[in-house]
Student: 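My structure is below; once you've seen it, I'll send some questions.
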2 protein chains.
Amino acid sequence: MPQGRGERADAARNRRAILLATEELLARHRPEQISMEQVAAAAGVGKGTVFHRFGSRMGLMLALMQERALTLNEAVVSGPPPLGPGAAPRARLLAFLDGIVDVVSRNKGLLAALGHAATTTHRRENDQGEGGESPIYRFWHRHVSELIAQARPELDADLMAHVVLGALHSTPVLNLLEQGESKRLSNALCTLAASLLDAPDGTPRPGLSSRRCNSGGVN
Amino acid sequence: MPQGRGERADAARNRRAILLATEELLARHRPEQISMEQVAAAAGVGKGTVFHRFGSRMGLMLALMQERALTLNEAVVSGPPPLGPGAAPRARLLAFLDGIVDVVSRNKGLLAALGHAATTTHRRENDQGEGGESPIYRFWHRHVSELIAQARPELDADLMAHVVLGALHSTPVLNLLEQGESKRLSNALCTLAASLLDAPDGTPRPGLSSRRCNSGGVN
DNA sequence: GACGCTACTGGACCAGCGGTCCAGTTGTCC
DNA sequence: GGACAACTGGACCGCTGGTCCAGTAGCGTC
């Protein structure tokens with residue numbers, strides 16, 4: 001993506017320096033105590049430069065995340081099975097979950113930083129109630145959602161994908177990752193996904209697995 | 001809990017006013033654009049009072065959440081089945097998920113506000129790497145975890161509970177809730193939990209549902 | 001190699017935040 | 001009704017994400 005015609009040499013250099021500095025800081029401190037000023041200083045650059053290149057805290061984190069997720073995304077889109085196209089949806093999903101956990105665990109603080117940025121970033125006039133998700137999340141969600149839909153068309157694939165991916169943003173889970181338990185998470189996520197895809201839904205155990213569970217209000 | 005001997009009349013009045021004002025603001029605005037100063041003003045109270053009563057933004061949100069979750073928690077601990085003790089773990093879990101979704105959907109912005117507070121609150125000297133979860137989360141997690149463990153002792157119940165509860169903190173899911181899709185979420189969560197508990201794990205479909213899925217690194 | 005155009009740079013600056021402080025007030029107990 | 005402490009509230013602080021713009025330096029042109 002960089003030096004894509006028209007990017008000056010010094011600009012490219014500084015961009016890399018900023019990204020690198022952010023990475024280092026993220027590795028050493030909790031994301032919420034890293035200020036943009038610190039990032040700028042660590043990169044040997046003025047604050048204005050950081051904002052000029054990345055627009056906002058959110059932009060910075062997004063750019064970093066995008067870079068980190070790039071190889072995984074490429075593997076999904078055009079790599080060999082089971083991650084890439086060609087394998088059965090079930091196998092692809094399990095492989096992909098593995099891949100995601102891997103990326104996330106290698107970038108422990110980054111997801112948390114993204115979450116933090118999302119709630120911190122100043123909203124100017126865009127009073128839109130909606131708000132946009134990050135492209136990476138969108139990509140991941142679409143992929144998971146499609147795989148679930150292929151394997152189990154009767155499920156609410158869209159929502160299930162959100163639920164599964166949601167686990168990665170959860171603070172307790174992130175803490176676990178911080179302690180090197182990524183294999184454990186990977187196993188749990190795969191078990192969960194496998195259960196969902198293999199569940200005896202539709203015919204067996206009638207009245208047990210698909211019973212309605214909505215009751216009245218509680219609070 | 002209030003006026004529990006020793007709380008002054010005006011203090012109690014103001015405490016309720018603050019809680020109420022927070023609720024109203026939360027209902028009308030996104031949580032990240034509600035400042036403590038606004039809360040104080042809306043409650044007709046000085047900023048110092050708010051901090052004196054609740055300690056921090058986090059404390060305020062926690063107190064509000066605690067109040068909202070109270071009836072559910074009581075129902076779980078001493079209410080009638082299927083929510084309360086006595087029913088089978090599976091039924092209790094499904095009922096509880098329903099209950100949680102209900103509470104969360106009734107307090108749309110509150111969970112988000114809690115998450116926001118968690119990343120925003122100034123950390124003084126407590127440089128502890130750990131960090132404490134909220135008591136409500138802890139309670140919910142323990143309950144879900146125990147139910148899963150009872151129904152399926154071989155699973156990583158602790159982590160599974162985190163994953164399931166993590167869904168409630170996910171922004172896309174929260175957005176869905178905002179649009180009144182709480183029934184959909186409830187169904188999805190129940191389907192997922194049911195799949196997990198009913199999964200043919202251990203003997204059937206050998207080599208399919210519990211196959212190892214950890215591969216090498218990707219990034 | 002000089003030149004000018006322009007994108008890039010960086011630090012002073014701003015509004016607003018969460019949180020603190022403490023002098024003054026007001027409820028409560030004896 | 002007096003004394004004491006708990007409560008109150010607004011001025012204040014340090015710091016943040018983000019803006020601004022004068023100055024700088026890379027790049028294409030001749």
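Below, chain A is the first sequence line, B the second, and so on; all start at residue 1.
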Student: For A:I34 and D:dC15, give me the distance from atom CD1 to atom P, rounded to whole Å.
Tutor: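 In whole Å, D:dC15 P lies 17 Å from A:I34 CD1.
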
Student: What do the steps show when you test A:R16 against A:E67 for salt bridge (Lys or Arg N to Asp or Glu O under 4.0 Å), and what is the final call?
Tutor: CA-CA 11 Å; A:R16 288 238 47 90; A:E67 193 181 90; 3.4 Å; yes

Student: Just checking B:T49: base, sugar-phosphate only, or nothing, at a heavy-atom cut-off of under 4.0 Å?
Tutor: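 The answer is base, as B:T49 lies within the cut-off (heavy atoms under 4.0 Å) of a base atom.
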
Student: Closest to the B:F51 side chain: C:dG19, D:dG18, D:dT16?
Tutor: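 Ranking C:dG19, D:dG18, D:dT16 by closest atom to the B:F51 side chain puts C:dG19 first.
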
Student: Give the rounded distance in Å between these two atoms: CZ of B:F54 and C1' of D:dT8.
Tutor: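 Result: 14 Å.
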
Student: Nearest-nucleotide wise, let me know which of A:K47 and B:A9 is further upstream toward the 5' end of DNA chain C.
Tutor: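 Nearest-nucleotide comparison on DNA chain C picks A:K47.
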
Student: How close or far is atom P of D:dG17 from atom CD of A:Q33, stated in whole angstroms?
Tutor: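 Result: 12 Å.
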
Student: Could you check if a side-chain atom of A:L72 sits within less than 4.5 angstrom of a side-chain atom of A:L83, using non-hydrogen atoms only?
Tutor: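 The answer is yes, as the side chains (C-beta and beyond) meet within the 4.5 Å cut-off.
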
Student: Before giving the answer on salt bridge (Lys or Arg N to Asp or Glu O under 4.0 Å), spell out for B:R184 and A:D158 the whole-Å C-alpha distance, their side-chain angles and the decisive distance to 0.1 Å.
Tutor: CA-CA 11 Å; B:R184 197 173 146 207; A:D158 189 79; 3.8 Å; yes

Student: Could you check whether A:V50 gets within reach of a base, just the sugar-phosphate, or nothing at all, counting any heavy atom under 4.0 Å?
Tutor: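 No contact at all - A:V50 keeps every heavy atom at 4.0 Å or more from the nucleic acid.
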
Student: Can you check whether A:R57 has a side-chain N or O nearer than 4.0 Å to OP1 or OP2 of D:dG17?
Tutor: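 For D:dG17, OP1/OP2 do have a side-chain N/O of A:R57 under 4.0 Å.
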
Student: Could you check if a side-chain atom of B:R57 sits within less than 4.5 angstrom of a side-chain atom of B:F51, using non-hydrogen atoms only?
Tutor: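 B:R57 vs B:F51: side chains apart.
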
Student: Answer yes or no: does a side-chain N or O of A:H52 lie under 4.0 Å from OP1 or OP2 of C:dT9?
Tutor: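 Negative; the distance criterion is not met.
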
Student: Mind calculating the distance between CZ (B:R13) and P (D:dA6) to the nearest angstrom?
Tutor: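 Taking CZ of B:R13 and P of D:dA6, I get 19 Å after rounding.
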
Student: Of the nucleotides D:dT16, C:dT6, D:dC7, which has the atom closest to the B:R8 side chain?
Tutor: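 Given the options D:dT16, C:dT6, D:dC7, the side chain of B:R8 is closest to D:dC7.
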
Student: When you check the phosphate oxygens OP1 and OP2 of C:dT9, does a side-chain N or O of A:N14 lie under 4.0 Å from one of them?
Tutor: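 So the side chain of A:N14 is within the cut-off, an N or O lying under 4.0 Å from OP1 or OP2 of C:dT9.
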
Student: Let me know the distance between CE of B:M58 and C1' of C:dC17, rounded to the nearest Å.
Tutor: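 Distance, rounded to whole Å: 18 Å.
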
Student: How many whole angstroms separate atom CZ of A:R53 from atom P of C:dA7?
Tutor: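 So the two atoms are 13 Å apart, to the nearest Å.
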
Student: Given that B:D10 and B:E37 both sit by DNA chain D, which one's nearest nucleotide is further toward the 5' end?
Tutor: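 First, find each residue's nearest nucleotide; the 5'-ward one identifies B:D10.
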
Student: Any ring pair (Phe, Tyr, Trp, His ring centres under 6.0 Å) involving residues 160-182 of chain B? Give me the pairs, sequence neighbours left out, ordered by first then second residue.
Tutor: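 Passing the test, one end in residues 160-182 of chain B: B:Y137-B:H162, B:Y137-B:H169, B:H141-B:H162.
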
Student: Tell me: CE of A:M36 to P of D:dC20, nearest whole Å?
Tutor: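 Roughly 16 Å, once rounded to whole Å.
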
Student: Round to the nearest Å and state the distance from A:L60 atom CG to D:dG18 atom P.
Tutor: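 That distance rounds to 10 Å.
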
Student: Can you work out whether A:G48 or B:G55 has the more 5'-proximal nearest nucleotide on DNA chain C?
Tutor: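 Here A:G48 is the residue nearer the 5' end.
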
